[in-house]
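I have placed the structure first, in the form of structure tokens, so that the comments after it can refer back to it.
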Number of protein chains: 2
Amino acid sequence: MKTLDDTVNLLSRLPGIGKKTASRMAFYILRSNYDFAEALAESIRQLKSVVHFCPECGSYTETDPCPICSSPLRDKSIICVVEQPQDVLTIEASQEFHGLYHVLGGLISPLDGVGPEALTLDLLQKRVQRLQVKELVIATNPTVEGDTTALYIKKLFAEYSVSVTKLATGIPFGGDLEYADRITLAHSFRGRIAL
Amino acid sequence: MKTLDDTVNLLSRLPGIGKKTASRMAFYILRSNYDFAEALAESIRQLKSVVHFCPECGSYTETDPCPICSSPLRDKSIICVVEQPQDVLTIEASQEFHGLYHVLGGLISPLDGVGPEALTLDLLQKRVQRLQVKELVIATNPTVEGDTTALYIKKLFAEYSVSVTKLATGIPFGGDLEYADRITLAHSFRGRIAL
């Protein structure tokens, strides 16, 4: 059936969704009432037409600028620098950070031909100056590309009056020393803190 | 963000999709181009508006009657009786059966208050007579409800000139005796065939 095959093919392009799961999803939609299918279709459409990048920080937003950039309650002297828009939502969910964000839109990766000019670094420089930012917290993933990008940003702001910090790398809370890999363990030793 | 939350909530109502997978799916849609989101939304909408039940056999179809019921190549003297429409697609995928299908729309389950009158059995009786069907292959799941329904159908057609058979229950091909449960093993003994 063409309609069913089309839906299964499209659904299986989503991450973590194989043909089998996509089929089960399509059959669920077929069994469900018309309202659910209509609401799902409409929400997917809305998602792409309503949600866009905040012109200020680059995270996902429905308004211009985003609720975080326009909130009088957020500390404008500290900016958390992340790779991609969804990182903002991940960090927001932790309720640990109350400053602003800046989405780089990627990481420096010479092997993939991605240089610093591909990131939103000039915009970050302008924001740091305009908002008189005191601290940049680099929250890139603890990978080679993430660390390279963090170091690049540190150098870039060397002559600015802004301190550049980086999220701690170490054993996850609730984790087990036994299962921590060598590099994570090395990082957590180097980053050990006074009790 | 309301639009994002809406989509995540709707997606996580699909089977096998938790909040985390739904979020990843929504983010993928956000990152993808507009055409993909549009195609996905439209296919979900089409699925419910184009695909419906075949008035003849009760399986999913885009045409009336379905391609199987209207095919001159299918053997009209044998009907495979299944619980739900997607079972037809599962069996079709095996390319093992070349007769017609009949979807019961459920299984007899006294505990859930589902009696034989809730199933499409009167329609099946009419089809058996009209098409002069020689064999009914019951392909309900090998569960208590599936077996109860199979036995009920056997009794229902006792005075018809139609033989009623049931799919073999046993150890799955490629499976391991060691991991077969006691009941499956008992079934495969009872259903043993001459070599």
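Throughout, protein chains are lettered first and strands after them, A, B, ... in sequence-line order, and every chain is numbered starting at 1.
- Residue A/Phe157 is grouped with residue A/Leu131 when hydrophobic side chains (ILVMFWY) are merged at heavy-atom distances under 4.5 angstrom, including chains of intermediate members.
- The environment of CZ in B/Phe189 is sparse: at most 12 heavy-atom neighbours from other residues, nucleotides or ligands sit within 6.0 Å.
- Within the 4.5 angstrom heavy-atom criterion, only backbone atoms of B/Asn33 (N, CA, C, O) approach chain A.
- One hydrophobic cluster, built from ILVMFWY side chains closer than 4.5 Å, cannot hold both B/Tyr28 and A/Val103; they sit in different ones.
- If you measure heavy-atom distances from A/Thr7 to chain B, the contacts under 4.5 Å come from both the backbone and the side chain.
- Taking 4.5 Å as the limit, every side-chain heavy atom of A/Gln86 sits out of range of all side-chain heavy atoms of B/Arg24.
- Within a 6.0 Å radius of NZ in A/Lys154, no more than 12 heavy atoms belonging to other residues, nucleotides or ligands are found.
- Chain B forms the most heavy-atom pairs under 4.5 Å with one residue out of A/Gln84, A/Glu42, A/Arg13, A/Lys2, and that residue is A/Arg13.
- Annotation: the span from A/Leu30 atom CG to B/Phe53 atom CZ amounts to 8.0 Å, rounded to 0.5 Å.
- Once rounded to the nearest 0.5 Å, the distance linking CG of B/Leu11 with OG of A/Ser43 reads 6.0 Å.
- Contacts between B/Ile17 and chain A at a heavy-atom distance below 4.5 Å involve the side chain alone, from C-beta outward.
- Under the 4.5 Å side-chain heavy-atom criterion for Ile, Leu, Val, Met, Phe, Trp and Tyr, A/Val133 and A/Leu123 are members of distinct hydrophobic clusters.
- The residue among A/Arg45, A/Arg31, A/His52 with the most heavy atom pairs within less than 4.5 Å of chain B is A/Arg45.
- Applying the 6.0 Å contact sphere to OH of B/Tyr179 captures no more than 12 heavy atoms from other residues, nucleotides or ligands.
- You'll find the side chain of B/Ile44 stays beyond 4.5 Å of the side chain of A/Phe36, heavy atoms only.
- A distance-only check finds a donor-acceptor pair linking the side chain of A/Glu62 to the backbone of B/Thr3 [under 3.5 Å].
- Shown here for A/Leu10 and B/Ala39, the closest heavy-atom pair between the two residues is CD1-O, 3.4 Å.
- Remark: B/Met1 CE to A/Glu92 CD distance equals 10.0 Å, nearest 0.5 Å.
- If you chain together hydrophobic residues whose side chains sit under 4.5 Å apart, A/Val114 and A/Tyr152 never meet in one group.
- The CG atom of B/Leu47 sits 9.0 Å away from atom CZ of A/Phe27, with the distance rounded to the nearest 0.5 Å.
- With chain B as the partner, the residue from A/Gly16, A/Ser32, A/Pro85, A/Ser23 showing the most heavy-atom pairs under 4.5 Å is A/Ser32.
- When the shell of 6.0 Å around CZ of B/Arg130 is examined, it contains more than 12 heavy atoms from other residues, nucleotides or ligands.
- Pairing each heavy atom of B/Ile29 with each of A/Lys48, the nearest pair is O-CD, 3.1 Å.
- With respect to chain B, the highest number of heavy-atom pairs below 4.5 Å among A/Leu4, A/Val50, A/Asp6 belongs to A/Leu4.
- In this structure, B/Tyr160 is a member of the same hydrophobic cluster as B/Val137, with clusters built from ILVMFWY side-chain heavy atoms closer than 4.5 Å.
- At a 4.5 Å heavy-atom cutoff, the contact between B/Thr61 and chain A is made by backbone atoms alone.
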